[in-house]
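All remarks here apply to the structure that follows.
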Amino acid sequence: MEALIVVDMQRDFMPGGALPVPEGDRIIPKVNEYIKTFKEKGALIIATRDWHPPNHMSFKEYGGIWPPHCIQNTEGAEFVVKLPEDAIIISKADKPDKEAYSGFQDTNLAELLRERGIKKVYICGVATEYCVKATALDALREGFEVYLLKDAIKGIKKEDEEDALKELEEEGAKIIIP
């Protein structure tokens, strides 16, 4: 059994959002295509999201490095892709004093995948060098086969994105270039 993990495809991470990934919106059609394809194959569809309280520690005014973004129940936290009704939503960094880049950090994602017999995870979304990388590394540490959908991920800086992909390959992830 396989799962597609859609990482942080939220309004605040798109151009015009509070913390945009440059040209992040360009992968929306490709991510939607993968969601449809994986759903048709009977794969589990999972979407991770930043789900910050307004006083989250990652925000500059609370000592962090980021502007406020993906605040719970705001437009900025909304998904920009077409998720099926039965998609599983994994909220991360949802407590004021806990940071989380990975969809596995302080969530039940690993248990959820194991309960459903998932062995392989395919990952897409933003940003490659932050939440995509952290989610992929944790998936590897948890013993899953990891495949990155290269045409459906987007980073902030080209060289950081390339470094992240190289590190992920060295750790055992497979990069799929359609």
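Computed from a predicted model, the values in this text were never measured in an experiment.
- In this structure, Ile71 belongs to a hydrophobic cluster whose other members, linked by side-chain heavy atoms under 4.5 Å apart, are Phe59, Tyr62.
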Show me the donor-acceptor pairs within less than 3.5 Å that the side chains of residues 156-177 make with the rest of the protein, sequence neighbours left out.
residue	atom	partner	partner atom	Å
Glu161	OE2	Thr128	OG1	2.8
Glu161	OE2	Gly155	N	3.0
Glu167	OE1	Lys133	NZ	2.8

(request) Report the C-alpha separation of Val21 and Asp8 in whole Å, then their side-chain angles, then the decisive distance to 0.1 Å, and conclude whether the side-chain contact (heavy atoms from CB on, under 4.5 Å) test is met. (result) CA-CA 11 Å; Val21 173; Asp8 298 359; over 6 Å; no

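- Residue pairs meeting the side chain to side chain donor-acceptor pair (under 3.5 Å) criterion with at least one member in residues 13-27: none, sequence neighbours excluded.
- The shortest heavy-atom contact between Val31 and Val6 is CG1-CG1, 3.9 Å.
- To the nearest 0.5 Å, atoms OH (Tyr101) and OG1 (Thr135) are separated by 12.0 Å.
- Within the model, atoms NZ of Lys120 and CE of Met1 stand 13.0 Å from one another, a figure rounded to the nearest 0.5 Å.
- Scored by the side chain to side chain donor-acceptor pair (under 3.5 Å) test, Thr107 finds no partners at all (sequence neighbours excluded).
- In summary, of the residues considered (Ile118, Asn108, Ile88), a side chain to side chain contact (heavy atoms under 4.5 Å, CB included) with Leu113 occurs for Ile118 alone.
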(request) Start with the C-alpha distance between Ile28 and Val81, add both sets of side-chain angles, then the distance that settles side-chain contact (heavy atoms from CB on, under 4.5 Å), and finish with yes or no. (result) CA-CA 6 Å; Ile28 292 172; Val81 292; 4.2 Å; yes

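- Atom CD1 in Ile90 sits 8.5 Å away from atom CD1 in Ile5 (nearest 0.5 Å).
- One hydrophobic cluster, built from ILVMFWY side chains closer than 4.5 Å, cannot hold both Trp51 and Met57; they sit in different ones.
- Contact between Ile89 and Phe79 at its shortest, heavy atoms only, is CD1-CE1, 3.8 Å.
- For Asp50, the side chain to side chain donor-acceptor pair (under 3.5 Å) test picks out His52, His69, Lys92, with sequence neighbours left out.
- Considering all non-hydrogen atoms of both residues, Val132 and Ile123 come closest at CG1-CG2, 4.0 Å.
- Asn55 contributes no side-chain N or O that, together with a main-chain N or O of Pro96, makes up a donor-acceptor pair within less than 3.5 Å.
- Distance check, rounded to the nearest 0.5 Å: CD1 of Ile153 to CG of Leu148 gives 5.0 Å.
- Here ring pair (Phe, Tyr, Trp, His ring centres under 6.0 Å) pairs that include residues 23-48, with residues two or more places apart or in two chains, are Phe38-Tyr122.
- Note that the CE atom of Met9 and the SG atom of Cys131 stand 12.5 Å from one another [nearest 0.5 Å].
- Under the salt bridge (charged side-chain N to carboxylate O under 4.0 Å, His left out) criterion, Asp138 pairs with Arg141, sequence neighbours left out.
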(request) Begin from the C-alpha positions of Leu19 and Phe13 and carry the test side-chain contact (heavy atoms from CB on, under 4.5 Å) through to its verdict. (result) CA-CA 5 Å; Leu19 190 56; Phe13 294 130; 3.9 Å; yes

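- Between Ala18 and Pro68, the shortest heavy-atom distance links the atoms CB-O, 3.2 Å.
- Applying the ring pair (Phe, Tyr, Trp, His ring centres under 6.0 Å) test to every pair with at least one member in residues 148-178, sequence neighbours left out, gives no pairs at all.
- Every salt bridge (charged side-chain N to carboxylate O under 4.0 Å, His left out) that Asp86 has, sequence neighbours left out, goes to Lys39.
- A continuous path of hydrophobic side-chain contacts links Leu137 to Val7 [ILVMFWY only; heavy atoms under 4.5 Å].
- Considering all non-hydrogen atoms of both residues, Gln10 and Ala77 come closest at NE2-O, 3.1 Å.
- Contacts classified as salt bridge (Lys or Arg N to Asp or Glu O under 4.0 Å) and involving residues 108-119 (residues at least two apart or in different chains) are given here: Arg114-Glu142.
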(message) side-chain contact (heavy atoms from CB on, under 4.5 Å) for Ile46 and Val121? Distances and angles first, verdict last.
(response) CA-CA 10 Å; Ile46 296 167; Val121 295; over 6 Å; no

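- Atom SG in Cys70 sits 10.5 Å away from atom CD in Glu78 (nearest 0.5 Å).
- Counting heavy atoms from C-beta on, the side chains of Gln72 and Pro53 come closer than 4.5 Å.
- Applying the side chain to side chain donor-acceptor pair (under 3.5 Å) criterion to Glu40, with sequence neighbours excluded, gives Lys36.
- Residues passing the side chain to side chain donor-acceptor pair (under 3.5 Å) test with Glu99, sequence neighbours excluded: none.
- Residues Leu83 and Ala47 come closest through the heavy atom pair CD1-CB, 3.7 Å.
- Between Asp106 and Asp94, the closest side-chain pair of non-hydrogen atoms is not below 4.5 Å.
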